[in-house]
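Naming: A, B, ... by sequence-line order, numbering from 1 per chain. Just so we're clear, the structure is a prediction, and the values are computed from it rather than from any experiment.
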Amino acid sequence: MTLRFPFPVRSPLRPDLASSLHRRLSIPSRSSSSPTPLLSSDHRPPLFLRPPAFAASRTDLHDFRRWAESLALAAGPRLSASDGGPDAALLRRELAWLVEDATVAAASESGVGEELRLRVELEELYRLWRARIEERRPFQYIVGCEHWRDLVLVVKEGVLIPRPETEMVVDLVAEVEGFEKGLWADLGTGSGAIAVGIGRMLQEGGRVFATDLSPVALEVARLNVERYELKDKIELRRGSWFEPLRDVEGKLMGLLSNPPYIPSSHIPGLQAEVGQHEPKLALDGGEDGMDHLLHLCEGSASALKSGGFFAFETNGDEQSEFIVDLMSMKLGNFFHNIKMISDFAGIQRFVTGFRR
Amino acid sequence: MNFRGHCYGLVLRSFRYLPFPLPLWSQSMARALLRWASFTSLETSSRLPFIQLPRTLNPRATSLAFSSSSAAAASSNYIHLSDEQLMAQCDMDTFKSSGPGGQHRNKRESAVRLSHRPTGIVAQAVEERSQHKNRAMALTRLRILLALKVRKAIDLDGYTPPSELLQILPAKSTIRGKDVGPQIGPNNPKFALGMQALLDLIFAVEGSVSETAKMLGLSTGALSRLILSDDSLRVTVNELRTSKGMRPLR
């Protein structure tokens, strides 16, 4: 597919960027195992937090929308048919959100024909949308954030984008008696979504330890913790699963995790946004997808205090059944009240239970 | 939020929401509802039951419609329920599975659909950026749909408008006391409550704007302006009027 700007680009790409963009586009994308961050955007704050330092006319933005929309309409059916990627309707919603993040809300109230203030150059909006369609770069990496529950979380390449169904983990915790004052752990916190969601509900004495092996994840989680002013409630620790939690072993009121659970063999078949752009570390759960889940189950017995609660997200159905079986039979001396909980798509997505 | 009657994301699935005996106006109302349904769901409208009473309907309910203490009357006041109570009456689902799992479950889907079990009314939301917010939006839409679709029979003799109706009336209404407070407009979430009570009255007088206006201490023009201020209210009133052979308001 050839994509062209509908008008002469006033400030063309620097030649070095243009050639690197071209090189990247011409590589068959399946072969790139870890995507190179697009242009220079990687170290910049998310779109919605940048100062509105640029301007464009209403007509210019209108032209961009029309161009981007026609791209979405042309590409949507192909993307959704090829690997379950976004359809045209979703792409159009994403386009509206991109414009929402790139513009200043108040400006939309001003009269026709006025200049709009933008948080990126208009030309970059074109480049970003091309990357969305051509490279299948996830929308959330393009705008640098994901809306999750009532939070707006910073995300970037190298960190798993929090999923809508994971929102429910926060509701599950809120049902646990006395959760507000307990010690919690979010293992493999990624962007810090679960930790921030829980941290906001905690009271005096309540605390979340959020761990991750990835330094990039911890850096992003730190941003989110700071943005929501939860530094006194959430402690970030680097390390693998229970390793950084030795000092609180047996004292935790709850363990939460959305670990990598996709069977290795499924990774190549994932939609391009996920398989080619999101970190393998956060996706790949080994041969049957349960390597990390099993480790979490076994470690929970010593990590949780008596009466403590756990909630783990799984790949669904079979994995959840296996874990329920494991926790209630083989580890039945340690745990009770093991349950599977469906997400809103009807998949048995979570396993919860209590330490005896 | 100014709800638009024709906006996408709203589907009417069945008509099991009249937990009381059908008054005289019910047949024309049902026709109006069917017409409403026909442009939201062309495919199913011809197969819809005319009016289907809930299976749980108590045979004694024939005498309960005007009794505020009865379960039947309470169930027609769905929009007075809290968010939690209303959610408890709903089935919630997404359209597709999400999560980064295998091919069939790797779809990120934050869209939400709420199916209100007692009435069969379905409200959905896709445009918000998180599932959490889509759920809140779908619930707001459900409240508006309930206000538009669930009718309560009222006794016109000795009718006194409830306070939520008084609140949406313009200040010049002669029956609106000074203690009612400022007028609530269509963008206020409380507008749905007043709208429901207003529709109950308009349906009870079979679509007559002048008669309704008289009962609310307003001129016909002032009431028309109120009806026209909200798209979904206007559409509902006009469907009733058209079904009665009256000219639609414009």
So what's closer than 4.5 Å to chain B heavy atoms on [X]: side chain, backbone, both or neither?
X: A:P263; result: neither
X: A:E146; result: side chain
X: A:Q140; result: side chain
X: A:I161; result: both
X: A:V170; result: neither

* Counting heavy atoms not belonging to A:F322, are there more than 12 under 6.0 Å from its CZ? -> no
* Has A:R200 got more than 12 heavy atoms of other residues, nucleotides or ligands less than 6.0 Å from its CZ? -> yes
* To do: Please examine the side chains of B:E109 and A:P164, heavy atoms only from C-beta on, and report whether any two atoms are closer than 4.5 Å.
  => no
* Rounded distance [0.5 Å steps], CZ in A:F344 versus CG in B:N134 -> 12.0 Å
* Please round to the nearest 0.5 Å and tell me the distance separating atom CD1 of A:I347 and atom OG1 of B:T94. => 8.0 Å
Checking the side chain of [X] only, and the main-chain atoms of [Y] only, is there a donor and an acceptor separated by less than 3.5 Å?
X: A:E167; Y: B:Q131; answer: yes
X: A:R93; Y: B:V126; answer: yes
X: A:W97; Y: B:E127; answer: yes
X: B:S130; Y: A:R149; answer: yes

* Between A:E100 and B:R129, is there a side-chain N and carboxylate O pair less than 4.0 Å apart? -> yes
